[in-house]
Student: 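The structure is given below, and queries will be raised subsequently.
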There are 2 protein chains.
Amino acid sequence: MALPPPLPASPDPPRPRRRIPEATVARLPVYLRSLLEVEAEGQTTVSSERLAEMAGVNAAKVRKDLSYLGSYGTRGVGYDVEYLLFQMNRELGLTHDWPVVIVGIGNLGQALANYGGFGDRGFPVAALVDADPQRVGQKVGDIAIQDVDSLPALVRDQGVAIGVIATPATAAQEVADRLVSAGISSILNFAPALVTVPAGVSLRKVDLAVELQILSFYQQRRT
Amino acid sequence: MALPPPLPASPDPPRPRRRIPEATVARLPVYLRSLLEVEAEGQTTVSSERLAEMAGVNAAKVRKDLSYLGSYGTRGVGYDVEYLLFQMNRELGLTHDWPVVIVGIGNLGQALANYGGFGDRGFPVAALVDADPQRVGQKVGDIAIQDVDSLPALVRDQGVAIGVIATPATAAQEVADRLVSAGISSILNFAPALVTVPAGVSLRKVDLAVELQILSFYQQRRT
DNA sequence: ATGTGTGAATCGGTTCACAGCC
DNA sequence: GGCTGTGAACCGATTCACACAT
C-alpha cells in the first residue's frame, strides 16, 4: 500500500475521513509534540518504538493510532518525520489559527489570557468577555474586555471558533448557551459545573478541583 | 446484604477496601459536587436517576459506581444524602485538608496561586517554589516564593502532600523527580511534557494546548 | 410500586502476534 | 533483518435487565 490507489476521476484530493476513535484523537496532540521534538533533533525518520517512548505509551498503540490517519509509515524503516508532521497538522486542523474567546475574566480568566501557551500554539486569544459591566472596558494585557452581547459579532467579524468558559460555576451553563447561539461549536469549560450542549457542539472540560480530589483518593488509600 | 458480615474478632472497623475502577474514581468528585447541591436544596434523600442527571451520566452508571463504595442506598427509596456525603468524603480522603505546593511561579503558577478554587475545596496552597533565584523571596498574595531546595522541609514541616508542576516543559521532569525524592507522592502536571514517576506515585496531567488541539480536530472535521 | 444492586451482555479500546513489505 | 499495519484475543468499562428489598 505504497500509494493510495487513484480513485476514478476524483477532482480534488479525497480526504480519508475514516472514523477515528476518541481515545486516539486525544493522543494525536501528544504524538504531534513528540514529532516536533524529533524534528528539532534533526532526525528525518522515526520508529513507532521511539515515538511510543516519547509519548509515554507502547509501540503497538502508536502504530494502531497512526494507522487511522493512513498508511504513512514505511515497513523496515519507520515514519518520515516531515511527512507525518504535515499529515498530523492537517488532521488536527492546525494548518491555520483558531482564535479563542475567553469568557469570565476573574482570576482564572485573566491567568489564561496572560498565559502565553495559547497563542504560541495556534490559538490566539482574540477577545475577552465578561458579564460584569464594571469589568467591561478594562484591559488585560492589551486586550479590552467586552460585553457578553458582543459574542455574535466576535464570531462573525473575528472568526472566533473556540470559547473558553472561566466563569463561576453558576454562570457556566448560561455562558455555554450564549456561546452556542453565537455560533461557536467548540467549548473548553473550566468552571466546576456540568454544562450540556446540543449535538454538533464539542465540549471538553478541565476541573482542577476534580483532579486534586482524584489525587486525594489515591493518596488516602496509600496511607 | 444489609450489614457486612462481622469478621471473626477484627479489632477495628475494617475498611471495605474494594478495588475501585479508575473510571469510577474519576467520577466520584462529580457525584460529590452533585450531592452538595442536593444537600443545599434541603433534600434528605436522592435517587440514582436524579444524581445521574446532575452529574451528566446515566443512572445505571451511578448505581454501579456507588455500589463500589458499599451498599449505601435503600431499595425503593434512594440514597440518604447526608450518609452518602459522609461516605464519599471519607472515601475521597476529604476529611482533612491536603496542603499543596506549586512549583514554577510564572504566569500559570501565579494564576493558580491566586485562584481561590484550591483552598476552598480543601487544598490550601501551603507554599510556592521556583528555581529562579530572582523570584525567590518575592511574594504572590501573601505567600513568599521559596527555593526548590526547601521541598523536603515543606513536606516534613508543613505536611505538603501534593505537588503542582507549573514550570516550562523543559523543567517538568526534573521538578517531578525532586518532588518525589522530597517525599511527595501525588503530582498534578500542567507542563506540556511527558513526566514519568516511580510506581506508588500518582500523576495527573492537565495540558491546555492538548485540549484545544482536540477541539480543533473535531472543529476541523465538521467543516 | 419504587428504585437499588448486580450478574450478564455489550462495547470501545488495548495488546498480542504475525503477515507483509522494505 | 527490521519495522509497519492489522486481524484476533483480551480487558476494562458501560449498559441492560431484572431479582430483590422496602
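Convention: sequence-line order gives letters A, B, ...; per-chain numbering from 1. What you see below is based on every heavy atom in this structure, not just the backbone, and it leaves out hydrogens, waters and symmetry mates.
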Student: For the residue pair B:Ser202 and A:Arg222, confirm or rule out a side-chain donor-acceptor distance under 3.5 Å.
Tutor: yes
Student: Sequence neighbours left out, what passes ring pair (Phe, Tyr, Trp, His ring centres under 6.0 Å) with A:Phe86? Give chain and number order.
Tutor: none
Student: OP1 or OP2 of D:dT4 versus the side-chain N and O atoms of A:Ser48: is any pair under 4.0 Å?
Tutor: yes
Student: Calculate the interatomic distance between A:Leu84 atom CG and D:dC3 atom P; express it in whole Å.
Tutor: 17 Å
Student: Treating primed atoms plus P, OP1 and OP2 as sugar-phosphate and everything else as base, which nucleotides of nucleotides 12-20 of chain D get B, S or - for protein heavy atoms under 4.0 Å?
Tutor: -SSB-B-BB
Student: In whole angstrom, give the distance that lies between atom CD of A:Gln87 and atom C1' of D:dT4.
Tutor: 16 Å
Student: Any chance the side chains of B:Gln110 and B:Asn114 put a donor and an acceptor closer than 3.5 Å?
Tutor: no
Student: Roughly, in whole Å, what's the span from OH in B:Tyr83 to P in C:dT4?
Tutor: 16 Å
Student: Verify whether the ring centers belonging to B:Tyr72 and B:Tyr79 lie closer than 6.0 Å.
Tutor: no
Student: Would you say a side-chain N or O of A:Thr74 is under 4.0 Å from OP1 or OP2 of C:dC22?
Tutor: no
Student: Expressed in angstrom and rounded to an integer, what is the separation of A:Arg50 atom CZ from D:dC3 atom C1'?
Tutor: 16 Å
Student: Answer with yes or no whether the side chains of A:Asn89 and A:Thr95 bring together a donor and an acceptor at under 3.5 Å.
Tutor: no
Student: Yes or no on side chain to side chain donor-acceptor pair (under 3.5 Å) for B:Thr24 and B:Asp65, after CA distance, side-chain angles and deciding distance?
Tutor: CA-CA 6 Å; B:Thr24 295; B:Asp65 284 344; 2.7 Å; yes
